[in-house]
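Both counts, for ligands and for their atoms, begin at 1 and track the order of listing.
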Amino acid sequence: MLYKTSEHIENLMVSQEAVRKQFEVSKLELESGYAVDADPLREKEHEVVPGMINKYGNRVLCLLTAECAAYCRFCTRRRLVSDIDQGRIDKPHVNSWIDYLRHHNEVREVIISGGDPFTVNDDLFDYALGEMSSLESIRIVRIGTRAPVSDPSLVNCRKLDAIARVDKPVYVGIHFEHPSEITRATINCCRSLITANAILYSQSVFLKGVNDNYHTLHNLFNELLEIGVRPYYIYRCDPVPGATHFQVDPAKERHIMTMLRRKLSGLACPAYVIDALDGSGKVPVPLEFWDADTTHYTDFKGDEHVI
Ligand code: SF4
């Protein structure tokens with residue numbers, strides 16, 4: 001994965017160590033050892049049309065671009081992200097997605113992600129969002145992004161207008177890792193999305209040395225709720241090559257989440273999940289309220305995995 005940051009992230013990196021650690025290339029990235037494989041979520045196997053992944057039947061993931069405003073060194077899709085040529089999507093690609101959806105009425109939800117969809121040109125963003133959401137069978141649209149954190153200026157008027165024109169629920173999932181990412185520009189960006197009728201939620205990843213402590217996550221989730229972003233998921237960092245040094249001890253993650261569940265309002269507390277290594281889905285981790293054996297879990301297909 002290439003190195004890239006935005007001006008917004010560069011400015012934050014100067015004063016915020018937690019941001020610097022996410023975007024700076026460390027030597028640990030090159031040494032990082034026991035990774036399972038480059039595609040732990042088995043997305044390539046479920047690609048039904050170039051750029052469209054159907055793992056669940058009722059919802060599809062559309063990778064609109066391989067580009068992001070800034071590249072997070074722990075990215076699960078680092079096999080693909082920043083490979084601009086491989087990930088280049090244009091209107092004919094979007095047309096092939098629409099063709100697939102027309103023949104698969106069981107798909108009710110499209111998740112537009114990437115890379116970051118807000119990095120594509122306004123015309124393509126508008127086209128993809130407008131055409132897919134206007135299909136009768138599509139009832140829900142989701143957009144996955146980190147742009148409000150990595151470069152809020154990408155959430156511009158044309159893209160906001162495109163969101164506002166969709167007459168179905170548009171959920172925007174924003175990737176946050178640390179309270180220092182909630183700047184004035186990010187808050188304003190979230191407000192603009194809410195004004196465009198988007199419903200906001202967050203996704204986070206446990207990252208060693210960045211957010212693996214109670215107070216950081218307590219502040220993050222409380223502040224997100226206060227700016228209108230509902231904390232949704234916090235994941236265990238996937239074991240992708242180059243990112244395993246970010247992984248936190250699972251017992252520590254579970255303890256932090258147990259303490260958070262005791263203190264946070266229910267709305268502020270995200271679900272703590274592991275993305276099953278066969279790509280079958282997100283498995284909730286039991287907290288310390290239950291006397292459970294957390295050394296292994298069974299995925300949606302019934303296969304067992306050791307943590
Ligand atoms: S914004 Fe998301 S897709 Fe892009 S590098 Fe970061 S984690 Fe990966």
Side-chain angles (χ1 to χ4, degrees), residues 1-10 12-13 16 18-26 29 32 35 38-41 43-44 47 51-53 61-84 86-89 111-120 125 142-155 159 171-178 180-183 185-186 189-190 193 200-208 210-211 220 229 232-247 270 273 275 279 282:
M1 186 168 67
L2 297 176
Y3 174 77
K4 181 181 172 189
T5 59
S6 63
E7 195 182 334
H8 182 80
I9 288 293
E10 290 281 336
L12 276 178
M13 282 168 79
Q16 304 295 338
V19 175
R20 197 163 60 241
K21 282 183 174 172
Q22 294 177 58
F23 294 96
E24 203 171 61
V25 181
S26 89
E29 181 169 334
S32 147
D39 184 13
L41 307 184
E43 291 183 336
K44 199 67 198 164
E47 192 173 46
M52 178 181 267
I53 291 151
L61 179 66
C62 305
L63 301 179
L64 192 61
T65 174
E67 191 173 358
C68 300
Y71 295 129
C72 319
R73 306 320 299 176
F74 52 85
C75 179
T76 293
R77 293 202 185 106
R78 56 183 297 151
R79 74 182 190 284
L80 165 79
V81 157
S82 92
D83 186 343
I84 309 299
Q86 192 192 322
R88 194 179 299 282
I89 295 290
I111 304 161
I112 303 174
S113 184
D116 198 312
F118 282 95
T119 61
V120 305
F125 183 91
R142 274 203 265 169
I143 301 171
T145 179
R146 207 178 186 189
V149 170
S150 50
D151 186 356
S153 69
L154 293 174
V155 186
K159 290 190 171 82
Y171 292 83
V172 177
I174 309 171
H175 183 160
F176 282 94
E177 294 298 345
H178 193 273
S180 61
E181 296 161 15
I182 306 176
T183 60
T186 296
C189 181
C190 290
L193 284 162
L200 308 188
Y201 65 92
S202 74
Q203 309 208 54
S204 306
V205 182
F206 265 110
L207 297 173
K208 189 190 264 182
V210 174
N211 63 11
L220 175 65
V229 182
Y232 175 50
Y233 273 142
I234 182 162
Y235 299 87
R236 176 157 177 73
C237 186
D238 290 320
V240 287
T244 53
H245 59 288
F246 281 111
Q247 285 198 311
V273 294
D275 238 328
K282 295 165 186 64

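Taking 4.5 Å as the limit, some side-chain heavy atom of R77 sits within range of a side-chain heavy atom of L63.
With 3.5 Å as the limit, one finds no donor-acceptor pair spanning the side chains of H8 and S6.
For atom 3 (S) of ligand 1, the choice among C68, A66, A69 with the nearest heavy atom turns out to be C68.
Contact check on R78 versus E29 returns a salt bridge, with a Lys/Arg side-chain nitrogen under 4.0 Å from an Asp/Glu carboxylate oxygen.
Remark: the backbone N or O of Y233 is not paired with any side-chain donor or acceptor of Q203 at under 3.5 angstrom. Here the side chain of T76 pairs no donor or acceptor atom with the backbone of D238 at under 3.5 angstrom.
Every atom of ligand 1 is numbered from 1 in the order shown, and the set under 4.0 Å from a heavy atom of R146 is 1 (S). Shown in contact with C72 at under 4.0 Å from a heavy atom are these atoms of ligand 1, numbered in order with element: 1 (S), 5 (S), 6 (Fe), 7 (S).
For H175, the heavy-atom gap to ligand 1 drops under 4.0 angstrom.
Counting protein heavy atoms only, atom 8 (Fe) of ligand 1 is closest to C75 SG, 2.3 Å.
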